[in-house]
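Quick note: numbers below take in every heavy atom, side chains included, and nothing from hydrogens, waters or symmetry partners. Every value quoted in this text rests on a predicted model; they were computed, and no experiment measured them.
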Amino acid sequence: YLTETSNLSARVCFCPSLSDVSLKREARLRKFRELHFKRNEARKINHQEVVEEDKRLKLPTNWEAKKARLEWEVAEDEKKKECAERGEDYHRVKLLEITAEDAERWERKKKKKNPDTGFAGYAEAQFRQYQRLTRQIRPDMESYEKQREDCGEDFHPTSNSLIHGTHVPSKDGIDRMVEDVEKQIEKRAKYSRRRAYNDDADIDYINERNAKFNKKAERFYGKYTAEIKQNLERGTAV
């Protein structure tokens, strides 16, 4: 009897109470509800992303750039209106907002671009040559100071200054000029000019396209057909 009583008491001690079981069950159900809510939230967000991605794919390829450009234009118009209301110059205000780093970056970008788009006129060609020559100039401060001492007050001429014809170029300057002229002559010799028309040449074509074709044929096969051509011209062809 004592043994059965002790075993029963041990079972009572080790068996969990109903309150503990209900608490655990409530915790598990709460955890399950949280997971279910997170799953639904993730499903909703994924669906929204899919819809947004489908909208982006249906847009033009340069839509982002166009959108940014339109936003920038709207902002610029608003700034112009604000400056007009305050009576300020918009371009001046805009330049004041540009930082030194942005200005240097834009200058480097401009230098990378090639302004030479081909021959458009003698004035443009002369201006490009002037820019190229001025970029090659390296200031010589020693000769500058020496010339300034020699000229004195006439170094900054006025309407009463008479310094015309008094400057004598240095030997180095003359050598640089000669070297540049030689480079220009060499570069000019490489240009492909329009070939002159020869009035005495035989007319063996019916139009401009046929003339070009005959020139190509003569260039590639002329040495093989020279004898046949001479026989035809003499009338002795077999």
Side-chain angles (χ1 to χ4, degrees), residues 65 69 72 76 88-205 207-223 226:
R69 178 71 181 180
W72 177 80
E76 289 291 307
E88 298 176 348
D89 187 3
Y90 169 74
H91 297 287
R92 184 177 179 83
V93 174
K94 185 178 180 181
L95 291 174
L96 291 174
E97 295 177 355
I98 297 175
T99 62
E101 295 178 355
D102 294 337
E104 291 179 358
R105 186 173 66 253
W106 291 339
E107 287 296 327
R108 289 195 299 268
K109 189 181 293 185
K110 287 181 181 179
K111 290 179 180 179
K112 289 181 180 179
K113 294 182 179 179
N114 183 17
D116 189 359
T117 57
F119 182 79
Y122 291 101
E124 289 81 359
Q126 187 177 9
F127 179 67
R128 286 198 300 270
Q129 184 182 12
Y130 170 77
Q131 287 184 324
R132 180 179 60 81
L133 294 176
T134 52
R135 282 196 298 267
Q136 296 176 0
I137 295 176
R138 297 293 181 268
D140 188 359
M141 300 307 297
E142 294 181 0
S143 61
Y144 172 80
E145 294 295 338
K146 185 177 182 302
Q147 186 179 1
R148 184 176 183 180
E149 293 176 0
D150 296 340
C151 295
E153 295 180 355
D154 292 334
F155 186 75
H156 300 288
T158 61
S159 59
N160 299 323
S161 301
L162 297 175
I163 60 173
H164 179 70
T166 60
H167 174 69
V168 179
S170 62
K171 185 177 181 302
D172 295 336
I174 295 174
D175 293 339
R176 286 198 302 270
M177 184 189 68
V178 172
E179 183 181 358
D180 184 73
V181 171
E182 290 178 351
K183 287 182 179 179
Q184 292 182 26
I185 294 173
E186 183 181 358
K187 186 177 181 181
R188 198 176 295 117
K190 295 180 180 178
Y191 289 161
S192 178
R193 290 183 174 85
R194 183 179 179 86
R195 291 164 178 79
Y197 177 74
N198 187 6
D199 292 333
D200 298 332
D202 296 333
I203 299 177
D204 57 352
Y205 55 88
N207 52 32
E208 188 69 21
R209 184 176 180 181
N210 182 242
K212 292 180 180 180
F213 176 81
N214 292 341
K215 288 180 180 179
K216 290 181 181 180
E218 180 67 24
R219 185 165 62 249
F220 290 104
Y221 305 106
K223 60 182 179 178

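Although no hydrogens or angles enter the test, the distance criterion places a donor-acceptor pair under 3.5 Å between the side chain of Asn214 and the main chain of Asp204.
Considering only residues two or more places apart in sequence or on other chains, Gln184 meets the side chain to side chain contact (heavy atoms under 4.5 Å, CB included) condition with Gln129, Arg132, Asp180, Arg188. Contacts of Tyr144 classified as ring-ring contact (aromatic ring centres under 6.0 Å, His included), with partners at least two apart in sequence or in another chain: Phe155.
Residues Glu208 and Lys212 form a side-chain contact, since some pair of their non-hydrogen atoms from C-beta on lies under 4.5 Å apart.
Heavy-atom neighbours of Glu142 CD from other residues, nucleotides or ligands within 6.0 Å: at or below the threshold of 12.
Between Lys146 and Asp150 there is a salt bridge, since at least one side-chain N of the basic residue sits less than 4.0 Å from a carboxylate O of the acidic one.
In this structure, Arg148 CZ and Met141 CE are separated by 9.0 Å, a value rounded to the nearest 0.5 Å. Between Arg176 atom CZ and Lys171 atom NZ the span is 11.5 Å, to the nearest 0.5 Å.
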One pair to check against side-chain contact (heavy atoms from CB on, under 4.5 Å): Glu124 and Arg128. What are the steps and the verdict? CA-CA 6 Å; Glu124 289 81 359; Arg128 286 198 300 270; 3.9 Å; yes
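Annotation for Trp106 and Ile98: closest pair CZ3-CD1, 3.4 Å, computed over non-hydrogen atoms.
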